Amino acid sequence: MSAPSDTADTVGSAPGVGSAGSDAPPPPEHEADARLARTLQSIARSDTLVVVMAFVFAFLIGSVLILIADEEVRGTLGYFFARPTDALAEIWRSISQAYTAMFRGAVFDHVAFGRVREQLKAAGGTGTYVLFPALVAGLNPLTETLTVATPLIIAATGMAVSFRAGLFNIGGTGQLIVGAMVAGYIGFTWDLPVVVHLLVALAAGALAGAIWGGIAGFLKARFGANEVISTIMLNWIATYLLFFALKTTAFTGANQSQPTSPAVSDTAALPRLLGDGFRLHWGLLIALGAAVLLWWLMSRSTLGFQFRAVGSNPRAARVAGISPSRTAFLVLAVAGGLVGLGGAVHVLGTEHRLTEGVAGNIGFDAITVALLGRSGPVGVVLAGLLFAGLSTGGRMMETNQGVPLDLVQVIQVMVVLFIAAPPLVRTLIGLRRIDHPSHGAKVRRAKRASASGSASVGAVDPDPAAAPIADSNDAEGAVPAPDAGAPTAEDPPPSADAADPTTEQKGEQR
């Protein structure tokens with residue numbers, strides 16, 4: 001009987017079977033590997049990776065279109081197999097020069113910086129007398145990018161409010177036009193003191209946008225009208241209302257062939273932020289203030305909580321005492337007010353007069369910026385700067401490299417397309433299982449089951465050297481050795497289960 005007990009003791013002390021093995025902490029290297037795996041999984045699931053890879057794929061597609069539009073590249077591809085280096089050199093030249101020109105037109109023009117610096121050095125200038133004017137020339141594209149981004153960011157904050165409340169507001173163009181019309185009219189007709197005139201024009205533009213957005217909100221709250229259809233129709237109403245107003249005596253300026261309004265007075269114009277040499281104005285601070293207002297409204301205010309509650313679950317919000325109809329009206333009014341403020345800033349700070357194309361693509365681009373920025377304040381600001389940089393840089397790319405400006409629109413659309421489809425991006429980079437966790441969980445459970453099965457088999461199998469002894473004992477009618485981890489005759493029962501009467505009866509039957 002000594003041999004079976006020794007065998008049981010030996011098997012019971014195997015790792016993972018006894019109590020000591022189960023309580024032992026994992027090795028440090030395994031814990032580090034698990035921590036690294038969790039970090040990598042959080043990165044793979046984050047929106048940052050999707051946004052970055054969306055830009056990468058969009059610019060790769062844009063590079064292909066640049067090569068297709070380049071005649072010299074197409075010519076070298078005709079004899080690619082004879083002289084492949086010529087084609088590769090032309091491909092690199094075409095792509096690098098195109099995107100360098102885009103960077104020069106959007107952020108920093110190193111050519112203008114070097115030219116001004118050399119001119120001042122040749123004139124005998126040194127030190128800051130050379131560096132400062134050269135930096136001014138080099139950073140001029142950045143100031144233009146900020147100027148273009150200012151009304152876009154303000155309008156995108158209004159779109160973000162409606163999106164986070166579950167309403168798809170398409171009326172950015174109409175709300176921006178109405179805000180620009182009212183602010184511009186007050187700017188060139190009223191005669192008020194300097195600060196008062198500007199504040200009244202900005203407030204009137206925001207109020208006009210709120211009323212225009214509130215019309216769609218009232219139709220939805222009172223009659224259940226779809227906000228997508230109503231805001232689109234209000235866009236056309238505002239557009240043709242502007243066309244009509246510019247042909248009336250109240251809005252028409254000196255140019256009758258191309259109707260424009262008179263210029264706003266100096267008391268209503270937003271002052272320049274960096275002097276008369278740049279178009280950047282104080283509206284940039286209003287744009288940053290709108291982003292802060294978006295954060296406070298949606299994250300710290302009771303009204304913003306109601307907006308988010310209705311957007312998440314209207315039925316639960318109604319049970320909690322929040323009226324979805326009233327909230328829908330307030331959402332579109334607040335969103336319209338922010339977009340109308342963007343139109344007022346645009347006409348008082350940049351355009352200074354009303355034209356038929358005063359809104360441009362700002363209203364529709366604001367929708368894209370809000371979606372791209374995930375309707376968050378930081379994301380909206382960064383997305384607005386990106387779209388403005390693509391716009392200003394695209395003009396430089398078209399002028400210097402002959403690349404069509406429409407290519408910039410293609411890149412913008414591709415960025416939005418990839419960001420709107422995170423599973424597509426993760427599939428392209430080999431992380432498809434992140435969006436199908438059930439499949440990965442099944443595979444992991446199967447692997448763990450197979451690993452635990454093999455470990456248990458290895459722990460229960462007796463020693464090959466003791467196998468003949470067990471066989472001989474069985475042949476003589478002796479009691480077989482107990483399983484690993486089972487209590488012996490000399491040991492007390494380890495738990496209440498071992499002392500169960502049914503278990504003793506089964507032992508007697510054996």
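None of these values were measured; they are calculated from a predicted model.
- Side-chain contact of T392 with T145: a donor-acceptor pair under 3.5 Å is present, judged by distance alone.
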Let me see the working for R395 and E398 under salt bridge (charged side-chain N to carboxylate O under 4.0 Å, His left out), right down to the final yes or no.
-> CA-CA 5 Å; R395 291 195 291 267; E398 182 180 29; over 6 Å; no

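- H346 places no side-chain N or O within 3.5 Å of a backbone atom of H352 that could act as its donor or acceptor partner.
- Between F218 and F329, a ring centre-to-centre spacing not shorter than 6.0 Å is recorded.
- At least one side-chain heavy atom of N235 sits less than 4.5 Å from a side-chain heavy atom of F364.
- In this model, no donor atom of one side chain and acceptor atom of the other lie less than 3.5 Å apart for H281 and T147.
- Relative orientation of the F108 and F113 rings is tilted, given thresholds of 30° and 60° on the angle between their planes.
- Between the R164 side chain and the R308 main chain, no donor and acceptor come within less than 3.5 Å of each other.
- For the residue pair S265/T267, the side-chain donor-acceptor check at 3.5 Å is satisfied.
- When atom types are taken as modelled, the side chain of S94 and the backbone of I91 share no donor-acceptor pair closer than 3.5 angstrom.
- Contact check for L246 versus T260: no side-chain heavy atoms found under the 4.5 Å cut-off.
- Minimum interatomic distance between E227 and G166 (heavy atoms only, all atoms of both residues): OE2-O, 4.5 Å.
- Between F163 and F168, the ring planes lie parallel to each other; the angle is under 30°, not in the 30° to 60° tilted range.
- Using cut-offs of 30° and 60° on the angle between ring planes, the pair F59 and F55 is tilted.
- Scanning all heavy atoms of the two residues, the minimum distance from V178 to A238 falls at CG2-CB, 3.9 Å.
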Given E351 and R279, is the salt bridge (charged side-chain N to carboxylate O under 4.0 Å, His left out) satisfied, shown in steps?
-> CA-CA 10 Å; E351 297 295 326; R279 294 204 307 163; 5.3 Å; no

